[in-house]
Amino acid sequence: ERYFERIDEPFEVYPGIFVNRGAYRFSETFMSCGTDPTATLFAGCRLTAGGFYGGNIRTLTFNSGYRRGRNITSIVSYTRNFIDIPEGKFNTDLISFRFNWSFTPKRYLQSLIQYNSTTSQVGANVRLALLNTSSTGFFLVYNTRVATVDFIDPHEVERRTMSRALFFKFNYLFDF
């Protein structure tokens, strides 16, 4: 896979490490393997290597899942990034848990919970969908982010919850 990114303003890619302005061309190669994802128990892994903002990135991902019948699936995964760019060298970790309960093909409950070692945060997204046709229907979505270390918000108040939102969404596709 080949990528191109133009950075107009420096941005912090890791605490204290900034990617400078400029054009960045890079590519990556990956190798993946896995067992049958339709089986009751399944697993997989992926190794990725390539360029990253003038340096290199190596990524290891491991996942395993459990399927109960046709309707319930849960997957846990772990990703470790080894990053070496001219501005610094660092590692990141991402741990995630995904759960899906399909009541019918158009009615389901999904959740994704992730821990990010770079930000020391846990994020959660829970979604209930009641669809009429593909991507049209009612969605109820809850998102939250929680700090796992002490967090001082801009008002000098210590708290752990960084954001929380509840969305009610209805999509309808018009046929003209």
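Just so it is clear, the structure is predicted and the values come from calculations on it, not from any experiment.
- Using modelled atom types, one side-chain atom of T104 and one backbone atom of R107 make a donor-acceptor pair closer than 3.5 Å.
- Put simply, the side chain of Y115 reaches to within 4.5 Å of the side chain of S117, judged on heavy atoms.
- With no hydrogens or angles considered, a side-chain donor-acceptor pair links S96 and S77 at under 3.5 Å.
- With a 4.5 Å cut-off on side-chain heavy atoms, L130 and K106 do not count as touching.
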Step by step, would you call L112 with Q114 a side-chain contact (heavy atoms from CB on, under 4.5 Å)? CA-CA 7 Å; L112 173 64; Q114 291 185 321; 4.0 Å; yes

Evaluate the criterion side-chain contact (heavy atoms from CB on, under 4.5 Å) for residue pair N143 and L166; output intermediate values, then yes/no. CA-CA 7 Å; N143 289 317; L166 180 65; over 6 Å; no

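- A 6.0 Å sphere centred on CZ of R67 holds more than 12 heavy atoms belonging to other residues, nucleotides or ligands.
- For the pair F170/F168, no side-chain contact is recorded, criterion being any heavy-atom separation below 4.5 Å from C-beta on.
- Taking 4.5 Å as the limit, every side-chain heavy atom of S163 sits out of range of all side-chain heavy atoms of T144.
- Looking at E5 and F26, their side chains come closer than 4.5 Å, going by heavy atoms from C-beta outward.
- For the side-chain contact (heavy atoms from CB on, under 4.5 Å) with F90, the qualifying choice from D84, I85, N81 is I85, the only one to do so.
- Y53 and I57 fall within a single hydrophobic cluster, where Ile, Leu, Val, Met, Phe, Trp and Tyr side chains are chained together by heavy-atom contacts under 4.5 Å.
- Taking hydrophobic clusters as Ile, Leu, Val, Met, Phe, Trp and Tyr residues chained together by side-chain heavy-atom distances below 4.5 Å, F138 shares a cluster with L109.
- Looking at E28 and Y3, their side chains come closer than 4.5 Å, going by heavy atoms from C-beta outward.
- Within the 4.5 Å cutoff, no side-chain heavy atoms of L140 are placed close to those of F167.
- Proximity of a side-chain donor or acceptor of N71 to a complementary backbone N or O of W101 within less than 3.5 Å is not detected.
- Listed by chain and residue number, T40, L41, R68, S74 satisfy the side chain to side chain contact (heavy atoms under 4.5 Å, CB included) test with Y66 (two or more places apart in sequence, or in another chain).
- Within the 3.5 Å criterion, the main-chain N or O of A43 finds a donor-acceptor partner in the side chain of T35.
- Hydrophobic clustering keeps F97 apart from F62 (ILVMFWY residues linked when any side-chain heavy atoms are closer than 4.5 Å, directly or through intermediates).
- With a 6.0 Å cutoff to the six-membered ring centre and a 45° limit on the axis angle, R58 does not count as a cation-pi contact of F82.
- Residue R145 holds its CZ atom at 4.5 Å from CD of Q121, rounded to the nearest 0.5 Å.
- Contact annotation: the side chain of L94 never approaches that of Y78 to less than 4.5 Å [non-hydrogen atoms, C-beta and beyond].
- Residues F139 and Y108 place their aromatic rings such that the two centres sit no closer than 6.0 Å.
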Does Y142 form a side-chain contact (heavy atoms from CB on, under 4.5 Å) with R164? I'd like the steps, not just the answer. CA-CA 8 Å; Y142 175 73; R164 184 177 292 156; 3.2 Å; yes

Sequence neighbours left out, cut at 3.5 Å: what donor-acceptor pairs do the side chains of residues 13-25 make with other protein atoms?
unit_1: N20; atom_1: ND2; unit_2: E87; atom_2: OE2; d: 3.0
unit_1: Y24; atom_1: OH; unit_2: N20; atom_2: O; d: 2.7

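- Take Y172 and apply the ring pair (Phe, Tyr, Trp, His ring centres under 6.0 Å) test, not counting sequence neighbours, and it matches F174.
- Rounding to the nearest 0.5 Å places NZ of K89 at 10.0 Å from CG of N56.
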Stepwise side-chain contact (heavy atoms from CB on, under 4.5 Å) check, F99 with I75: CA-CA 7 Å; F99 175 80; I75 300 170; over 6 Å; no

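- Residue I83 is not grouped with residue L47 when hydrophobic side chains (ILVMFWY) are merged at heavy-atom distances under 4.5 angstrom, including chains of intermediate members.
- Hydrophobic clustering, with ILVMFWY side chains joined whenever heavy atoms are under 4.5 angstrom apart, groups I95 together with L60.
- Counted by atom type alone, T61 and N63 present zero donor-acceptor pairs between their side chains at under 3.5 Å.
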